[in-house]
Every structure is written in C-alpha cells, then in structure tokens.
Amino acid sequence: MRLDKYLSDMTDYSRNDIKKLVKDKRVTVNGITVNKSDLKVSEADVICIDDEPVEYETFEYYMLNKPAGYLCTLDYSPNVLELIDSNRKGLSPVGRLDKDTEGLILITNDGQLNHRLLAPKHHVDKTYYVETDVEIKPEAVEIMSKPMQFEDFTSEPAKLEIQDKKKAYLTIHEGKFHQVKRMFAKIGCNVTYLKRVSFGPLQLGDLEVGQYRKLTKEEAASLK
Ligand code: URA
C-alpha cells in the first residue's frame, strides 16, 4: 500500500498533511528518511513520524454504547458510525439495534468476522436489560425458556431473569427483527426501555451512553 494511505489510515493526518510531513523530512521507513508520500510500503515496514513508530492495524474493532435516536443503517442519519472518530473505510455495525434501543453494538471493518457473527450457525448470546409497562409475571421465565412461535420464526430457549416487577434481563441467541419486543408482547408486556448489555463474550460494563472504545486484543480474539 502507499505510505500516505498507511499513515492516513492510522493517524488523523490527511494526505496533504502527510505530503508536508514527508517534505519536512519527518517520516522514516525502516530508519531511512523518505521523500515521496506515494512510496509503496507494507505492514512489515517500520514507519515513524518524528521517530515515533506508527503501527498498522488491518482491522479495527469498536464497542459503542449506542444512544437512542441513532440508526444502525448507514444510509440514514444520525447513524452509529457518526459517533466513531475514525477515517477507516468499511467500518460497519455487526447486526442492528432498533432506533430506540441503547447499548452495546460492535463496529468493525473486519467483514469476515461481521458475517460470521451474524450467521445462524454461529448464534452469539445477547443479553438485554428490559423495562416494561406492566408487571412481568413469574410464569414468563418458563414461557421464554421454551421455543416461542412467531409468524416468521421460532425462538430458541431464552433465559429470563426478573429483577423487579417491571425490570428483567433476557438472554437470546438469535437476532430477529424486534425479537425482544415481540417476545415480551407475547406475554402481554410492552417494552418501555431496552438496552443491550452483552454480545457474546463482550460486556458493556460502565461505558457511558454515546461513548465508544477500541476492543482490547483479548476481546477481539475472543470473538474469533
Ligand atoms: N430486540 C428488539 O426488540 N430490539 C432491539 O433493538 C434488539 C433486540
């Protein structure tokens, strides 16, 4: 790849900024000061700006605490990518949350992983915190622990943990359209607040609404 692409992918510098850095002799490749920003480089080269190494990461993985009001469809605005300060091409959310749902959404440019995590045979457990308009009856635990029949699919057994009369955690395996809301509708409850707190091995933790962070190397590896 070109040196200017390498550096613009990995830093906040624009291609023009990089031209200037090169002109000012601030960029080295394997210890040698370069004079062309379109030089061909690879991830194996040691590239420095002002003697500081800039490592190349092929894939980026972000965990965002999606605020209500943001869409996971990228053709519309405001969408979740607008909250991520990165100029990498190909970033996209893994799966979708409804516009009014908050919580954990994974965003990556690793298309293969994205595809695999959504494939039915790789069902990833997802846990949601749910608030409802009316009391969640204790029988709901048993009902949701068995397959539930919907027009377009049958849910796999899910785990409902009631916290309070109108508050619960629900862990599901699939990610069908409006799945959590539809499962609660079946037991006579409307969901008034929905937040995803985990996605497979990833936990939202204390990440604030609207904030994001890069996954650690261990977290990214745990998804593969
Ligand atoms: N289930 C829903 O009903 N909505 C979401 O956003 C996610 C799961």
* Do Tyr6 side-chain atoms and Tyr56 backbone N/O form a donor-acceptor pair below 3.5 Å? -> yes
* Structure fact -> Shortest non-hydrogen pair, Cys189 vs Thr132, comes out as CB-CG2, 3.8 Å
* Give the cluster check for Leu170 versus Val124: same hydrophobic cluster or not, with ILVMFWY residues linked at side-chain heavy-atom distances below 4.5 Å. => no
* Does a side-chain N-to-carboxylate-O contact under 4.0 Å join Asp98 and Lys181? -> yes
* **Pairwise distance CZ(Arg88) to OG(Ser8) - rounded to 0.5 angstrom** => 9.0 Å
* Asked: Do any N or O atoms from the side chain of Thr192 and from the backbone of Glu131 form a donor-acceptor pair under 3.5 angstrom?
  -> yes
* **Shortest non-hydrogen contact between Val34 and Val22, atoms and distance** => O-CG1, 3.6 Å
* Asked: Are the side chains of Lys5 and Arg15 in touch, meaning some heavy atoms are under 4.5 Å apart?
  -> yes
* Asked: Rounded to the nearest 0.5 Å, how far does CD1 of Ile187 lie from CD1 of Ile136?
  -> 6.0 Å
* To do: Evaluate whether atom NZ of Lys186 has more than 12 neighbouring non-hydrogen atoms of other residues, nucleotides or ligands under 6.0 angstrom away.
  => yes
* Asked: Closest heavy-atom contact between Glu60 and Ser86?
  -> OE1-OG, 3.0 Å
* Do the side chains of Leu106 and Leu117 get nearer than 4.5 Å, heavy atoms only? -> yes
* To the nearest 0.5 Å, what is the distance between CE (Met144) and NZ (Lys159)? -> 14.5 Å
* Is the backbone N or O of Ala44 less than 3.5 Å from a side-chain atom of Ser42, with the two atoms forming a donor-acceptor pair by type? -> yes
* Asked: Leu202 versus Leu223: any side-chain heavy-atom pair under 4.5 Å?
  -> yes
* **Least distance between heavy atoms, Thr127 atom then Tyr169 atom** => CG2-CD2, 4.1 Å
* Polar side-chain atom of Tyr212 near backbone of Asp85 as donor-acceptor pair, under 3.5 Å -> yes
* Asked: Does any N or O in the side chain of Asn114 come within less than 3.5 Å of the main-chain N or O of Gly111, such that one atom is a donor and the other an acceptor?
  -> no
* To do: Decide yes or no on side chain to side chain contact (heavy atoms under 4.5 Å, CB included) for Leu97 and Tyr128, but give the supporting numbers first.
  => CA-CA 11 Å; Leu97 293 175; Tyr128 294 84; 4.0 Å; yes
* Is it true that Tyr193 and Ile162 fall in one hydrophobic cluster, defined by side-chain heavy atoms closer than 4.5 Å? -> no
* Kindly compute the distance separating CD (Glu219) from CE (Met63), expressed to the nearest 0.5 Å. => 5.0 Å
* Asked: In Å and rounded to the nearest 0.5 Å, what is the CG to NZ distance from Leu204 to Lys66?
  -> 12.5 Å
* Is there a donor-acceptor pair closer than 3.5 Å between any side-chain N or O of Asp45 and the backbone N or O of Val29? -> no
* Can you check whether Lys167 reaches Tyr129 side chain to side chain, under 4.5 Å on heavy atoms? -> yes
* Do the non-hydrogen side-chain atoms of Ser92 and Leu81 ever get within less than 4.5 Å of each other? -> no
* State whether the number of non-hydrogen atoms from other residues, nucleotides or ligands found under 6.0 Å of Asp206 atom CG is greater than 12. => no
* To do: Could you tell me whether the side chain of Met183 reaches within less than 4.5 Å of the side chain of Leu160, counting heavy atoms only?
  => no
* Please check if Leu113 and Leu104 belong to a single hydrophobic cluster, counting links between Ile, Leu, Val, Met, Phe, Trp and Tyr side chain heavy atoms closer than 4.5 Å. => yes
* Can you name the nearest heavy-atom pair linking Gly69 to Pro78, along with the distance? -> O-CG, 3.5 Å
* Same hydrophobic cluster for Val209 and Val197, using side-chain heavy-atom links shorter than 4.5 Å among ILVMFWY? -> no
* Asked: Okay, side chain of Glu174, backbone of Glu156: is any donor-acceptor separation there less than 3.5 Å?
  -> yes
* Asked: Hey, what do you get for CG (Leu39) to CG (Asp4), rounding to the nearest 0.5 Å?
  -> 9.5 Å
* To do: Determine, stepwise, if the pair Ser155 / Gln179 fulfils side chain to side chain donor-acceptor pair (under 3.5 Å).
  => CA-CA 9 Å; Ser155 63; Gln179 183 168 341; 5.2 Å; no
* Any side-chain heavy atom of Tyr13 within less than 4.5 Å of one from Ile49? -> yes
* Asked: Would Val94 and Phe199 count as a side chain to side chain contact (heavy atoms under 4.5 Å, CB included) if you check the C-alpha gap in whole Å, the side-chain angles of each, and the deciding distance to 0.1 Å?
  -> CA-CA 10 Å; Val94 177; Phe199 179 84; 4.0 Å; yes
* To do: Show the numbers, then the answer: is there a side chain to side chain contact (heavy atoms under 4.5 Å, CB included) between Arg2 and Lys40?
  => CA-CA 5 Å; Arg2 285 167 53 137; Lys40 284 273 180 294; 3.9 Å; yes
* Arg96, CZ atom: more than 12 neighbouring heavy atoms under 6.0 Å -> no
* May I ask you to check whether over 12 heavy atoms, not counting those of Lys25, lie within 6.0 Å of atom NZ? => no
* **Connected via hydrophobic side-chain network under 4.5 Å: Phe184 and Phe150** => yes
* **Donor-acceptor contact present, side-chain Asn190 to main-chain Val134, <3.5 Å** => no
* So, does Asp125 use its side chain to make a donor-acceptor pair with the main chain of Gly200 at under 3.5 Å? -> no
* Count the heavy atoms of every other residue, nucleotide or ligand shown that sit under 6.0 Å from CG of Asp51, and state whether that count exceeds 12. => no
* To do: Could you check Arg26 against Lys20 for side chain to side chain contact (heavy atoms under 4.5 Å, CB included), going step by step and ending with a plain yes or no?
  => CA-CA 9 Å; Arg26 292 170 61 189; Lys20 179 142 193 332; over 6 Å; no
* When you measure from the side chain of Asn65 to the backbone N and O of Leu207, does any donor-acceptor pair fall under 3.5 Å? -> yes
* Asked: Under 6.0 Å from the CG atom of Asp152, do we count more than 12 heavy atoms belonging to anything else shown?
  -> yes
* What's in the same ILVMFWY side-chain cluster as Tyr76, cut-off under 4.5 Å, chained through other members? -> Leu71
* Would you mind reporting whether Tyr62 and Val80 have side-chain heavy atoms less than 4.5 Å apart? => no
* Minimum-distance pair of heavy atoms, taken over all atoms of Pro201 and Ser222 -> CG-OG, 3.3 Å
* Could you walk me through whether Ser198 and Gln203 pass the side chain to side chain donor-acceptor pair (under 3.5 Å) test, one step at a time? => CA-CA 5 Å; Ser198 76; Gln203 302 285 334; 4.6 Å; no
